[in-house]
Amino acid sequence: MHVEQIYTGCLNEAAYFIESNGEAAIIDPMRDTDSYLKLAKINKATIKYVFETHVHSNYISGHLDLNKKTGAQIVFGPHTDARFNFHLVKDGEIFRIGDVTMEALHTPGRTLESTSYLLKDETAKPYCIFTGDTLLIGEETKPDISSGNLSGQELAALLYHSIQNKIIDLPDNVIVYPAHISGNKTSSNLPAEMDSTIGDQKKENASLKPQSMEEFFA
């Protein structure tokens with residue numbers, strides 16, 4: 001299994017390349033797809049899936065180009081409304097990539113369709129989670145009130161449940177790979193780390209502490 005982060009400095013965005021036994025997947029691709037195609041060629045892999053953690057409002061995704069060039073299936077979370085062909089994922093759905101699996105965890109809150117993807121290794125042991133905007137290094141993201149017709153407080157309640165019910169109980173050694181790195185406008189307090197672990201975030205990230213919804217809102 002090979003996992004590689006592709007960081008785009010001008011946008012402070014992170015995409016990811018996952019490869020196992022000749023099959024690959026891309027998480028949150030940027031518009032320029034050359035780097036992903038090169039990685040697939042280097043690893044002698046076929047890109048099977050393009051997973052989107054949410055609908056991106058701050059850049060144009062490369063999922064359509066990757067689909068056109070490779071035939072990879074585009075995957076979005078529940079409640080996604082798009083006018084192109086894609087797979088609407090179900091919470092808990094499993095995708096096989098070579099000898100590893102990817103489990104979709106619907107984690108609404110930032111947006112209604114926000115979905116995290118838990119990568120499990122060849123022994124079915126959780127290895128890392130791609131959290132998109134749901135959990136950033138150092139703090140959680142803020143709800144996007146343009147998502148659906150819910151209020152900011154209603155979205156924040158969904159975010160609370162996503163973190164408390166889907167993320168906080170993952171093993172401490174699971175690596176956290178977010179979609180945004182320090183310096184982006186989603187959060188002004190992000191540290192410079194490019195990744196972290198669930199265990200470290202439990203120590204450093206107030207949103208990952210056991211707490212009531214009222215404490216989460218405070």
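What you see is a predicted model; the values in this text were computed from it and never measured.
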According to a hydrophobic-cluster definition based on side-chain heavy atoms being under 4.5 Å apart (Ile, Leu, Val, Met, Phe, Trp, Tyr only), do [X] and [Y] belong together?
X    : Y    : value
Y16  : M102 : yes
V55  : L112 : no
L119 : Y177 : yes
I129 : V3   : no
L159 : M213 : yes

List the atom of [X], the atom of [Y], and the distance in Å for their closest heavy-atom pair.
X    : Y    : result
S162 : H106 : OG-O, 4.4 Å
E52  : P29  : OE2-CD, 3.7 Å
A15  : Y36  : CB-OH, 3.5 Å

Stepwise, does the side-chain contact (heavy atoms from CB on, under 4.5 Å) test hold for D195 with I175? CA-CA 7 Å; D195 59 64; I175 301 168; 4.2 Å; yes
If we only count heavy atoms from C-beta on, is the [X] to [Y] side-chain gap below 4.5 Å?
X    : Y    : answer
S61  : D28  : no
D172 : T197 : no
T70  : T46  : no
L118 : T101 : no
S207 : L135 : yes
I6   : I26  : no

Using only atom types and a distance under 3.5 Å, with no angle test, would you say the side chain of [X] pairs donor to acceptor with the backbone of [Y]?
X    : Y    : value
E19  : M1   : no
K48  : R96  : yes
K44  : G22  : no
K209 : K202 : yes
N43  : L39  : yes
Q5   : M194 : yes
N165 : H161 : yes
Q211 : A206 : yes
D99  : E122 : no
E23  : S20  : no

Supply the atom-to-atom distance E103 CD to I94 CD1, rounded to the nearest 0.5 angstrom. 4.0 Å
Would you please indicate yes or no on a ring centroid separation below 6.0 angstrom for Y117 and F130? no
Can you confirm whether or not the ring centre of F95 sits under 6.0 Å from the ring centre of F51? yes
Are [X] and [Y] close enough that a side-chain donor and a side-chain acceptor fall under 3.5 Å?
X    : Y    : value
E4   : H2   : yes
T111 : E113 : yes
T134 : T131 : no
D65  : T33  : no

Are K142 and D133 close enough, and set up right, to give a salt bridge (charged side-chain N to carboxylate O under 4.0 Å, His left out), and what steps lead you there? CA-CA 9 Å; K142 297 176 176 63; D133 284 0; over 6 Å; no
Should I167 and L208 be marked as a side-chain contact (heavy atoms from CB on, under 4.5 Å) after you check the CA-CA gap, both sets of side-chain angles, and the distance that decides it? CA-CA 8 Å; I167 296 178; L208 221 58; 4.0 Å; yes
Given F216 and Y160, is the ring pair (Phe, Tyr, Trp, His ring centres under 6.0 Å) satisfied, shown in steps? CA-CA 7 Å; F216 181 78; Y160 168 80; 5.4 Å; yes
Criterion side chain to side chain contact (heavy atoms under 4.5 Å, CB included) against Y49, the qualifying member of I97, L66, I18: I97
More than 12 non-hydrogen atoms from neighbouring residues, nucleotides or ligands closer than 6.0 Å to NZ on K203, yes or no? no
Acceptor/donor pairs from residues 73-87 side chains to any protein atom, 3.5 angstrom cut, sequence neighbours excluded:
from	atom 1	to	atom 2	distance (Å)
T80	OG1	G77	O	2.6
H87	NE2	E93	OE1	3.3
H87	NE2	E93	OE2	2.8

